[in-house]
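By convention in this document, chain letters (A, B, ...) are assigned in the order of the sequence lines, proteins followed by strands, and residues within each chain are numbered from 1. As a basis for the values below, the full set of heavy atoms in this structure was taken, side chains included, without hydrogen atoms, waters or symmetry mates.
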There are 2 protein chains.
Amino acid sequence: MPEKQEQFKSLLKRNGLKVTTQRVVILEELSSRPGRHLTAEEIYDLVKKKYPEIGLATVYRTIQLLSELNLIDKLNLDDGYVRYEIGSKGQEESCHHHHHLICVDCGKVYAFQDDLLETLEERIKQTMGFEVVDHEVKLYGHCKKCLEQSNESNS
Amino acid sequence: MPEKQEQFKSLLKRNGLKVTTQRVVILEELSSRPGRHLTAEEIYDLVKKKYPEIGLATVYRTIQLLSELNLIDKLNLDDGYVRYEIGSKGQEESCHHHHHLICVDCGKVYAFQDDLLETLEERIKQTMGFEVVDHEVKLYGHCKKCLEQSNESNS
DNA sequence: CTCGATGCAAACAATTTGCATAACA
DNA sequence: TGTTATGCAAATTGTTTGCATCGAG
């Protein structure tokens, strides 16, 4: 999909960044895995397959840059790694900013979108005078599959 | 307040932990600063004033222990430090589980409680079969004070 | 007494940085 | 051609761990 490559190139240019193969490949790898939450090391390994000369430091530097521009989203699952996924601005599809459901049993991460948060933010603005511009919501619990499995073993 | 000390001691015992001066002092320091979000290093410095022999490793070990028992709450502001504050179980007052408003201008962290989240969690249970048991909500934005200051300079 | 808890220092691991080289604009 | 980005390796730093000692139960 060369048209996607062109998109990334103009995306970089639009944000005042130089277009390099490394940056385009990193964006490609992330964007071809929406919903996956990849660590720097994982991105490094993926990119190396397409561009073996890349260094880990470049991955870190690029990730940080893209994150500051909100082209990719940062996610911290408190497992010692910072993870990244393609964000709404880095994707043509309007995949809205979403939140995460983290299963404490199997570790799987689910995404969900919600508009209820807007009501909450409105209320906060009213009561505390605090104007919310971004949010990070992590809900921990038991996913459907794990709930079913534990029900089976209990019956 | 020696009655608070007694409380911490029984709190530790109740959770199957040995009562040591180090652990009690760490709990004291945290509980005398509700709403403050302290790093391990900061806790270490505070505790050293009352108990200079303590080692940083003990602080880390104790913090981890108390965090697993939910006596203290972990907070990650993505500034490279993991922070801790006394939790509802570690305090006699019923200070409900709360969420954080983080001002992107001055860095100040405000707390708020909300019940709207329960509606959200109910909805998630219905639509996705995911049962939420814990949550971490961080809202980033501009606090009242910083909003007022930027308004003044604009007028 | 016995096992868990501590202090110290060394080990770890994710991330950052300095610097010479390469390559986009 | 000049500045920005890269690769490599070394440095940094929050956190963990091994081990001998100490102290709560």
### Message
Of all nucleotides in DNA chain C that come within under 4.0 Å of a heavy atom of chain A, which is furthest toward the 5' end and which toward the 3' end?
### Response
C:dA14 to C:dA25
### Query
With the threshold set at 4.0 Å, does a side-chain nitrogen-carboxylate oxygen contact exist between B:K50 and B:D45?
no
### Query
How far apart are the closest heavy atoms of A:F8 and A:V24, and which atoms are they?
CD1-O, 4.4 Å
### Message
I'd like to know if the side chain of A:E148 pairs up with that of A:H142 as donor and acceptor (distance under 3.5 Å, no hydrogens or angles considered).
### Response
no
### Query
Are B:D114 and A:R123 within salt-bridge range, i.e. N to O under 4.0 Å?
yes
### Task
Would you mind reading off the distance between A:K18 atom NZ and D:dT4 atom C1', rounded to a whole angstrom?
4 Å
### Query
Roughly how many Å is it from CD1 in B:I63 to P in D:dG14, rounded to a whole number?
13 Å
### Query
NA contact type, B:R61, heavy-atom cut-off 4.0 Å: base, sugar-phosphate, or nothing?
base
### Task
Can you tell me the distance, in whole Å, between the CG atom of A:D78 and the C1' atom of D:dG14?
14 Å
#### Entry: Polar contact flag, side-chain donor to acceptor under 3.5 angstrom, B:E42-B:H37
no
### Query
A:L65 CG to D:dT4 C1': how many Å, rounded?
11 Å
### Query
What integer distance in Å separates A:Q64:CD from D:dA5:P?
13 Å
### Query
Between A:R33 and A:E29, is there a salt bridge with N-O shorter than 4.0 Å?
yes
### Query
Does a nitrogen or oxygen in the side chain of B:Y60 sit under 4.0 Å from OP1 or OP2 of D:dT16?
no
### Message
Between A:Q22 and B:T20, which residue's closest nucleotide on DNA chain D lies nearer the 5′ terminus?
### Response
A:Q22
### Message
Measure CZ/A:R23 against C1'/D:dT6 and give the value in whole Å, please.
### Response
9 Å
### Query
Counting any heavy atom closer than 4.0 Å, what does B:Y44 reach on the DNA or RNA strands: base, sugar-phosphate only, or nothing?
nothing
### Task
Would you kindly give the CD1-to-P distance between B:I54 and D:dC22, to the nearest whole Å?
17 Å
### Task
Mind checking A:E41 for me? I need base, sugar-phosphate or nothing, with any heavy atom below 4.0 Å counting as a touch.
nothing
#### Entry: Length of the CG-P vector between A:L66 and D:dA5, whole Å
12 Å
### Query
Are A:R83 and A:D78 ion-paired here, with the side-chain N under 4.0 Å from a carboxylate O?
no
